[in-house]
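All chains are named by letter (A, B, ...) in the order of the sequence lines, taking the proteins before the strands, and each is independently numbered beginning at 1.
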Amino acid sequence: MKFRAIKGVQDILPPDVYVWQEVESAARQVFAPFGYKEIRTPVMEFTEVFTRSIGETTDIVEKEMYTFNDRAGRSITLRPEGTAPVVRAYVENHLYRLPSPQKYYYIGPMFRYERPQRGRFRQFHQIGVEAFGEDDPRMDAEVLDMLRRFLERVGVEDLGFEINSIGCDACRPAYREAMVDFLSGRVDTLCTDCRRRYEVNPLRVLDCKAKGCSAMKEEAPRIIDYLCSDCRGHFEALRGHLESLGIPYRVNPGMVRGLDYYTRTTFEVTTESLGAQSAVAAGGRYDRLVEEFGGPAVPGIGFAIGMERLTMLIRDRHGVEEPAPSVYLAVIGADAEAAAYKLASEMRGSGIWAELDYSGASLRSQFKRADRLRAAYVFILGEDELARGAVRYKRLSDGLQGEIDMDDAVRFLSSQ
RNA sequence: GUGAGCGUAGCUCAAUGGUUAGAGCACUGGACUGUGGCUCCAGUGGUUGUGGGUUCGAGUCCCAUCGCUCACCCCA
């Protein structure tokens, strides 16, 4: 084999691609009544778009970005996530001047340089949404409501919603201090990774899955207990709205997201059936990000759904039916071939999927091909039929046969 | 970046260190001359990932390398 795909990227072939199309169309249909409009941003940005927003010390920025210099020497990065580009577009195009809130969704590829494994790829795809201009907790609950309705619509079940609040600039310093105090007496009990985290980003220790560290989580200070009154009120209100909307959820005080721009609400949708990669969708609020991008003080909230992970879940549940031709034109003889060739063009022009082949195979072979393609009808054009200006038809589902005028062929199929 | 497992036909897999590497499915044709599915018959298809080594002899054992997969880290 001369060429192979790059590690961690994959072709999406039929029939899988039909699952993708279904999911994408479900997203558009579910999001529309919530007022979300599609936005398409470039797959690459200046590197600073990501380093400044995601955070210099995050894994994504430190080791996972596809970054290169273009021919003019500017540092360019293939987007590792969707929020930063949308925020950049929101600010650059002055979308904050439009009536608030502005709500957008996107569907497209993201790139991260990681070792691939189940549910994790170097090029992966996300369906994401971003809502700007509303910090009311009802907006948080609304976003989660939309996510729930989407997941229900595509038929995934057994998903858990986990929520947390990680506070704002006002309350996080106090919590960080409490964590450092708590950890300083226990550095020896931490795993090597967590000792590093203790220095760089103490909150991340809560994310550790090592036994010693996770045992300690029980006693660790919880961000929820350190929220300022505004953030506490926001979180309590969110919980109330989720309950009134009938969205089941679990508060996970240990959930810390991997991007630095989040404030207040964070959430994650997880499943048991994806191996080590349990998150199918995740998101949160980012009330400072628009400002950091040079825009006005506009709050935002959004989430992203992992397409590969989602389609893995639903492919097991229902096979998607591949489309099949309406008719296969089986021919005998050169004159019939010429007539069928023209007839096929006419049918296709009328939106009818017609197949025929040019191999001159036996009628029997042509029937076999029609059967394999799962064609609804075979039309037979032979010398006899041609002489009468007619075609024989056979319905493959039940073998029903008959004859019609060739001029009626398109109408016949259109009425089926 | 770290660790483990696996690479044989298009696909799923066999083959104790011993002849010319097999089977099912798929594909092509035939039995059935102008009628599919079921059945039967035949055929096409291989540098056993690649390169070295051990051996009288390697798909099999050893080394290296590449690839894939899974896990760690982290995340969608």
Side-chain angles (χ1 to χ4, degrees), chain A residues 1 3-8 10 54 57-65 79-83 106-129 147 191-194 196-197 201 204 207-210 213 255-259 266-271 274-284 302-313 328 330-333 336 359 361-386 391-402:
Chain A
M1 214 173 308
F3 298 114
R4 47 172 62 241
I6 293 166
K7 182 200 287 284
Q10 56 182 355
I54 296 170
T57 65
T58 57
D59 275 16
I60 292 178
V61 168
E62 277 182 346
K63 52 187 192 188
E64 294 176 2
M65 295 205 305
R79 62 182 181 195
E81 60 104 34
T83 299
Y106 57 84
I107 301 175
M110 307 292 160
F111 306 86
R112 291 184 200 171
Y113 194 87
E114 300 183 88
R115 280 278 278 271
Q117 68 189 67
R118 181 172 173 79
R120 198 174 69 186
F121 309 91
R122 288 186 173 178
Q123 176 177 336
F124 61 103
H125 300 76
Q126 289 185 334
I127 298 177
V129 312
L147 177 55
C191 70
T192 52
D193 282 330
C194 282
R196 185 176 57 84
R197 292 189 182 111
N201 192 345
R204 283 284 161 66
D207 245 1
C208 188
K209 282 150 198 140
C213 305
M255 186 172 62
V256 179
R257 306 236 28 87
L259 301 94
T266 61
F267 53 91
E268 208 167 273
V269 180
T270 58
T271 175
L274 278 182
Q277 264 49 252
S278 58
V280 177
F303 63 74
I305 302 157
M307 276 292 277
E308 284 80 3
R309 293 180 186 180
L310 183 66
T311 54
M312 271 189 259
L313 288 177
Y328 188 97
V331 298
I332 305 145
S359 69
S362 68
L363 188 66
R364 176 186 162 73
S365 296
Q366 296 185 64
F367 262 88
K368 281 191 169 180
R369 256 166 234 165
D371 189 54
R372 249 184 288 119
L373 290 167
R374 300 188 356 270
Y377 283 87
V378 172
F379 277 18
I380 304 157
L381 287 85
E383 310 297 343
D384 306 346
E385 289 82 1
L386 214 55
V391 295
R392 286 196 68 72
Y393 67 83
K394 181 171 183 178
R395 189 161 65 194
L396 291 187
S397 57
D398 59 2
L400 174 74
Q401 296 199 50

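- Spacing of P atoms, B:rA4 relative to B:rU65, comes out at 14 Å, to the nearest Å.
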Taking Watson-Crick (N1-N3 plus N6-O4 or O6-N4) and G-U wobble (N1-O2, O6-N3), each under 3.5 Å, can you produce the dot-bracket string of RNA chain B? Use [ ] for crossing pairs and | for inter-strand ones. (((((((..((((....[...)))).(((((.......))))).....(((((..]....))))))))))))....
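- In terms of position along RNA chain B, the nucleotide closest to A:Arg392 lies nearer the 5' end than the nucleotide closest to the other residue of the pair A:Glu64 and A:Arg392.
- Applying the 4.0 Å criterion to OP1 and OP2 of B:rU35, one finds that A:Arg395 has every side-chain N and O outside that range.
- Side-chain N/O atoms of A:Arg364 and base N/O atoms of B:rC32 include a donor-acceptor pair closer than 3.5 Å.
- Side chain A:Arg120 to base B:rC73: a donor-acceptor pair is found below 3.5 Å.
- Between A:Phe379 and A:Tyr393, the ring planes are tilted. Angles from 30° to 60° get that label.
- In terms of polar N and O atoms assigned as donor or acceptor, the side chain of A:Arg115 comes within less than 3.5 Å of the base of B:rG3 in a complementary pairing.
- A:Gln123 comes within 4.0 angstrom of no nucleic acid atom, judged by non-hydrogen atoms across all strands.
- Across all strands shown, A:Gln366 has no heavy atoms under 4.0 Å from either base or sugar-phosphate atoms.
- Comparing the same atom, P, in B:rU47 and in B:rG18 gives a spacing of 23 Å after rounding to whole Å.
- Residue contacts shown for A:Arg112 include a base, since a base heavy atom lies under 4.0 Å away.
- The CZ atom of A:Phe267 sits 16 Å away from the P atom of B:rC75 (whole-angstrom rounding).
- When the P atom is compared between B:rU20 and B:rC72, the two are found 47 Å apart, to the nearest whole Å.
- In this structure, A:Gly399 reaches the bases: a heavy-atom distance under 4.0 Å links it to at least one base atom across the strands shown.
- Side-chain nitrogen and oxygen atoms of A:Gln117 include none within less than 4.0 Å of the OP1 or OP2 phosphate oxygen of B:rU69.
- Remark: the separation of the C1' atoms in B:rU12 and B:rC6 is 15 Å, to the nearest Å.
- At the heavy-atom level, A:Ala281 lies under 4.0 Å from the strands shown only through sugar-phosphate atoms.
- Atom P of B:rC11 sits at a distance of 13 Å from the matching atom of B:rG49, rounded to the whole Å.
- For B:rU33, the OP1/OP2 oxygens have no side-chain nitrogen or oxygen of A:Ser362 closer than 4.0 Å.
- Between the CG atom of A:Leu310 and the P atom of B:rA76 there is a distance of 15 Å, given to the nearest Å.
- Note on A:Lys394: every side-chain N or O is 4.0 Å or more away from OP1 and OP2 of B:rG36.
- Rounded to whole Å, atom P of B:rG1 lies 13 Å from atom CD of A:Glu114.
- If you measure from atom CG of A:Leu381 to atom P of B:rU35, you get 16 Å, rounded to the nearest angstrom.
- Taking atom C1' on both B:rC63 and B:rC70, the two are 25 Å apart, rounded to the nearest angstrom.
- The nearest whole Å value for the distance from the CZ atom in A:Phe367 to the P atom in B:rG30 is 15 Å.
- Counting any heavy atom pair closer than 4.0 Å across all strands shown, A:Thr58 reaches no nucleic acid atom.
- With hydrogens and angles left out, the side chain of A:Glu385 and the base of B:rG34 share a donor-acceptor pair within 3.5 Å.
- Without hydrogens or angle criteria, A:Arg309 side chain to A:Gly119 main chain gives a donor-acceptor distance under 3.5 Å.
- Straight-line distance between the C1' atoms of B:rA76 and B:rU39: roughly 50 Å, to the nearest whole Å.
- Of the two residues contacting RNA chain B, namely A:Tyr113 and A:Ala5, the nearest-nucleotide position lying further toward the 5' end is that of A:Tyr113.
- Residue A:Ile54 is out of contact with every strand shown, counting any heavy-atom pair closer than 4.0 Å.
- The separation between A:Arg118 atom CZ and B:rA71 atom P is 7 Å, rounded to whole Å.
- Atom name P, nucleotides B:rA9 and B:rG5: the rounded distance is 22 Å, in whole Å.
- Going from atom CD of A:Glu308 over to atom P of B:rU69 covers 13 Å, rounded to whole Å.
- Between the side chain of A:Glu114 and the main chain of A:Glu64, no donor-acceptor pair closer than 3.5 Å is present.
- Looking at heavy-atom distances under 4.0 Å, A:Ile380 makes contact with a base.
- Judged by atom type and distance alone, A:Arg372 does not reach the base of B:rC27 through any side-chain donor-acceptor pair under 3.5 Å.
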